[in-house]
Amino acid sequence: MTVPQPDLQPERSSGAQDRGPLVLALPKGRILKAVTPLLDKAGMAPSPDCLGDDSRKLRFPTQNPNLDVVRVRSFDVATFVASGGAHVGICGADVLMEFDYPEIYAPLDLGIGGCRVSVAQPSSLPHDPQEWARWSEVRVATKYPAITRRFFAARGINANIVHLHGAMELAPMLGLSRLIVDLVDTGSTLRANGLREVETITHITSRLIVNRTALKTRPEEISAIINGFRSAMEAAPSAAQKIKAEQSS
């Protein structure tokens with residue numbers, strides 16, 4: 001009698017590159033709220049519990065049966081997409097600049113989440129660009145070490161980085177650094193902590209990003225997602241896009 005042999009085939013991967021639903025990585029917080037109207041108009045709105053703060057779930061179905069969304073930290077969106085854990089994602093241009101993943105293609109500027117990456121210092125200190133020109137090194141607290149090093153290196157200054165993930169405003173107050181580099185929107189947090197913005201490194205909006213391998217292996221599905229966002233933007237242009245249009249007219 002022949003004894004059945006166990007199946008020794010490796011288990012099929014459950015990663016995003018399988019032929020299941022596409023996976024869209026969304027950042028928690030203000031960008032998730034800002035992108036919700038676009039998702040609605042594109043027919044990709046996630047289940048209501050994705051948008052609330054009570055759910056402990058991280059993966060959610062959407063109106064599109066071929067698309068799920070995962071909710072992750074904003075800084076992790078690009079990593080999920082670059083590594084193939086998600087096919088597409090939405091993240092700020094600051095994240096793309098910081099990590100510069102070659103695996104990522106960014107076809108659309110969504111025009112939401114507008115802010116800037118800036119240098120700030122204690123309000124009590126004068127800001128003199130000529131003084132900066134004499135520096136050879138400066139201590140800077142930031143969660144953007146790559147962006148910060150490039151910015152100061154272009155001015156011939158070595159940035160000695162204090163790498164923090166939050167509460168950057170405390171660093172000058174507690175003697176950890178002379179300057180900080182952080183994301184700035186209204187500047188109210190800086191002012192509340194005795195700091196002022198002195199240099200703008202770059203202006204930021206959120207981008208739709210795509211895994212390059214997924215674009216090659218599932219081109220029709222990925223293109224449908226891109227075109228869905230493009231149509232939604234044309235139907236309801238964002239405030240940032242309206243400003244651009246006004247400036248160019």
Side-chain angles (χ1 to χ4, degrees), residues 24-35 50-59 69-86 89-104 106 110 112-123 125 137-153 157-207 209:
L24 167 65
L26 296 177
K28 300 176 182 178
R30 68 187 188 97
I31 295 178
L32 177 58
K33 293 179 181 178
V35 79
C50 175
L51 305 176
D53 296 326
D54 297 332
S55 177
R56 297 289 181 177
K57 290 169 56 181
L58 297 175
R59 182 167 180 163
V69 301
V70 292
R71 194 174 62 182
V72 301
R73 291 175 55 188
S74 59
F75 248 55
D76 292 336
V77 170
T79 302
F80 272 89
V81 175
S83 64
I90 293 173
C91 71
D94 55 319
V95 178
L96 299 180
M97 291 174 62
E98 179 64 24
F99 293 105
D100 196 22
Y101 287 118
E103 299 88 353
I104 286 178
L110 300 177
I112 58 174
C115 53
R116 55 202 179 274
V117 177
S118 294
V119 184
Q121 69 177 30
S123 300
L125 296 178
E137 184 175 272
V138 64
R139 195 166 179 84
V140 187
T142 186
K143 65 177 179 180
Y144 300 107
I147 292 174
T148 300
R149 286 193 179 98
R150 287 196 298 267
F151 174 78
F152 283 100
I157 303 169
N158 176 48
N160 186 350
I161 302 295
V162 179
H163 194 178
L164 300 176
H165 296 284
M168 241 68 63
E169 295 83 4
L170 287 173
M173 188 187 306
L174 300 179
L176 292 181
S177 69
R178 179 186 179 104
L179 306 175
I180 70 168
V181 168
D182 202 8
L183 212 56
V184 178
D185 184 7
T186 64
S188 59
T189 303
L190 292 177
R191 291 189 294 273
N193 289 279
L195 302 175
R196 65 187 178 106
E197 190 177 359
V198 293
E199 295 277 347
T200 298
I201 296 177
T202 185
H203 288 274
I204 299 296
T205 49
S206 294
R207 313 297 170 93
I209 62 173

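If you read the sequence from its start, that first residue is 1, and numbering goes on from there. Please read these numbers as outputs of a predicted model, since none were measured by experiment.
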Open item on the list: How long is the straight-line distance from CG of N160 back to CZ of R178, given to the nearest 0.5 Å?
Closed with: 13.5 Å
TODO: Identify the heavy atoms of L96 and C91 that sit nearest to each other, and give their distance.
DONE: CD2-SG, 3.7 Å
Open item on the list: Quick check: closest heavy atoms across R207 and A106, and the distance to 0.1 Å?
Closed with: CB-CB, 4.5 Å
TODO: Would you please say whether a donor-acceptor pair under 3.5 Å links the side chains of Y101 and S83?
DONE: no
Open item on the list: For the CG atom of L26 and the CZ atom of F80, what is their distance to the nearest 0.5 Å?
Closed with: 12.0 Å
- [ ] Measure the shortest side-chain to side-chain distance between L190 and I180 over non-hydrogen atoms and say whether it is less than 4.5 angstrom.
- [x] yes
Open item on the list: Could you report the tightest heavy-atom contact between R139 and L176, atom names first, then the distance?
Closed with: NE-O, 2.8 Å
Open item on the list: Less than 4.5 Å apart, side chain to side chain, heavy atoms only: is that true for L195 and P122?
Closed with: yes
- [ ] Would you give the length of the straight line joining atom CD1 of I157 to atom CD of E137, rounded to the nearest 0.5 angstrom?
- [x] 10.5 Å
TODO: List the atom of G92, the atom of I31, and the distance in Å for their closest heavy-atom pair.
DONE: N-CD1, 4.4 Å
- [ ] Apply side chain to side chain contact (heavy atoms under 4.5 Å, CB included) to R196 and Q121, showing your working.
- [x] CA-CA 6 Å; R196 65 187 178 106; Q121 69 177 30; 3.7 Å; yes
Task: V69 vs L24 side-chain heavy atoms within contact, under 4.5 Å - done: yes
- [ ] Considering non-hydrogen atoms only, spot the tightest contact between A93 and I204 and give its length.
- [x] N-CG2, 3.7 Å
- [ ] Nearest 0.5 Å please: distance from the CG atom of L32 over to the OG atom of S74.
- [x] 11.0 Å
Task: Flag, side chain of R71 to backbone of C50, donor-acceptor distance under 3.5 Å - done: yes
- [ ] Indicate yes or no: at least one non-hydrogen side-chain atom of T200 is less than 4.5 angstrom from one of S118.
- [x] yes
Task: Closest non-hydrogen atom pair between I104 and A78, with its separation - done: CD1-O, 3.4 Å
Open item on the list: I need the R116 CZ to L183 CG distance, nearest 0.5 Å.
Closed with: 9.0 Å
- [ ] May I have all residue pairs that pass side-chain hydrogen bond (donor to acceptor under 3.5 Å, both in side chains) and include part of residues 161-171, sequence neighbours excluded?
- [x] none
Task: Verdict with reasoning, V72 to L58, per side chain to side chain contact (heavy atoms under 4.5 Å, CB included) - done: CA-CA 7 Å; V72 301; L58 297 175; over 6 Å; no
Task: From K28 atom NZ to D76 atom CG, the distance as rounded to the nearest 0.5 Å - done: 9.0 Å
Pair up each side-chain donor or acceptor in residues 141-152 with any protein partner under 3.5 Å, not counting sequence neighbours, and list the distances.
residue : atom : partner : partner atom : Å
T142    : OG1  : Y144    : N            : 2.9
T142    : OG1  : V181    : O            : 2.7
Y144    : OH   : D94     : OD2          : 2.5
T148    : OG1  : Y144    : O            : 2.7
R150    : NH2  : M97     : O            : 2.8

